[in-house]
Amino acid sequence: MATTLRKSLETIEDYKINSPQYADLLDILAEILILREGYRQSIKHPIFSVEEKLIQGKMAGGLPLIDMSGKKYDLTRPREYFYALVAIAEKRVPLEGHKLFDIVHDKLFDWEKITLASFNPVPDEDEIISSDLREPKDDEEQLDLIDLFIEESLRPELEVIAEKYGPAIEKSDWSEGYCPVCGKEPKIGEIREGEDGRRYLFCHQCGYKWRFRQIKCPFCGNEEQHSLAYFAVEGEESRRVDVCNKCRRYIKIVELSDPAEEVNLDVEDIATLHLDMLAYEEGYD
Ligand SMILES: [Zn+2]
Ligand SMILES: [Zn+2]
């Protein structure tokens with residue numbers, strides 16, 4: 001595990017050289033990964049558990065393994081982790097970090113409510129963070145740190161589940177566009193050239209990666225080739241944006257020409273923020 005962390009931190013340093021404009025965010029990510037690892041190491045009693053006999057049924061029915069609606073979990077630890085993540089931002093990017101501090105310490109801000117809502121997407125989590133608490137998107141290059149931290153806050157605990165039950169999930173034929181472990185929608189994925197161009201989607205909330213059809217929108221299920229497209233930036237063709245002209249959503253995809261190649265999608269997601277900006281500009285969400 002420590003080797004994985006070391007490798008990830010090395011990857012981040014490499015990316016900082018090629019994408020200096022994202023150095024601050026990549027530094028934040030490096031600190032997140034260190035904190036995440038510490039959390040992982042300290043888990044003695046995981047918060048989440050799965051009844052093994054229910055797995056195949058859940059997978060067949062399109063139900064993620066972890067569902068926050070039915071059970072009451074003690075989320076003290078993830079909540080503390082969330083506030084520790086905010087402290088990283090305050091240290092690394094003081095201006096942005098202070099704004100963030102004010103938002104998350106406002107009495108209207110309810111971490112647990114927002115987190116639970118992300119599992120049951122109605123009402124929309126944007127409506128829960130009241131609109132006057134949200135910063136207008138004036139700086140388009142800015143990553144929404146709150147969203148990043150909220151997603152990250154459950155990551156150590158959900159990773160335990162993803163790693164333990166990943167093999168069982170692979171045996172099922174999960175064909176949904178949302179995560180089979182936690183139900184979150186993906187923002188990024190990868191395509192492996194050597195394996196008939198298999199596309200995998202990645203979940204930031206639990207770190208799970210699952211196989212998904214190439215010619216299909218993960219968000220609305222559209223399979224009509226003529227309304228599915230992609231674009232890339234010149235000189236950077238190995239990263240592309242898959243878009244659906246039916247629901248106007250998009251996902252970033254990293255193309256790997258060598259099937260043995262490993263890519264860290266946490267790092268890639270930050271290093272490809274300019275693609276998010278392009279997608280927004282083109283009217284995709
Ligand atoms: Zn997930
Ligand atoms: Zn769609």
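Order of listing sets the numbers, starting from 1, for every ligand and every atom in it.
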Worksheet item: In degrees, rounded to 10 degrees, what angle do C247 atom SG and C220 atom SG make at the Zn ion (ligand 2)?
Response: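 Rounded to 10°, it measures 110°.
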Item to complete: Report, rounded to 10°, the angle at the Zn ion (ligand 2) between the two atoms SG (C244) and SG (C217).
Response: 110°
Fill in: Atoms of the protein (N/O/S only) found under 2.8 Å from the Zn ion (ligand 1)
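Only C179 SG, C182 SG, C203 SG, C206 SG fall inside 2.8 Å of the Zn ion (ligand 1).
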Practice prompt. Examine the side chains of H274 and Q21 and answer whether a donor and an acceptor come within less than 3.5 Å of each other.
Written response: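 Side chains of H274 and Q21: no pair found under 3.5 Å.
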Fill in: Set of side chain to side chain donor-acceptor pair (under 3.5 Å) partners for E176, sequence neighbours left out
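E176 satisfies side chain to side chain donor-acceptor pair (under 3.5 Å) with no other residue.
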Practice prompt. Any salt bridge (Lys or Arg N to Asp or Glu O under 4.0 Å) involving residues 73-90? Give me the pairs, sequence neighbours left out, ordered by first then second residue.
Written response: none
Practice prompt. May I have all residue pairs that pass salt bridge (Lys or Arg N to Asp or Glu O under 4.0 Å) and include part of residues 217-231, sequence neighbours excluded?
Written response: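 Checked against salt bridge (Lys or Arg N to Asp or Glu O under 4.0 Å) - neighbours excluded - the pairs reaching residues 217-231 are R213-E223, E224-K246.
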Practice prompt. Could you tell me if the ring centre of Y22 sits under 6.0 Å from that of Y15?
Written response: no
Worksheet item: Between E157, E159, E151, which is the residue that forms a salt bridge (charged side-chain N to carboxylate O under 4.0 Å, His left out) with R155?
Response: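 Considering E157, E159, E151, a salt bridge (charged side-chain N to carboxylate O under 4.0 Å, His left out) with R155 is found only for E159.
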Practice prompt. Look at the aromatic rings of Y73 and F48 and report parallel, tilted or perpendicular, splitting at 30° and 60°.
Written response: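 If you compare the ring of Y73 with that of F48, the planes turn out perpendicular.
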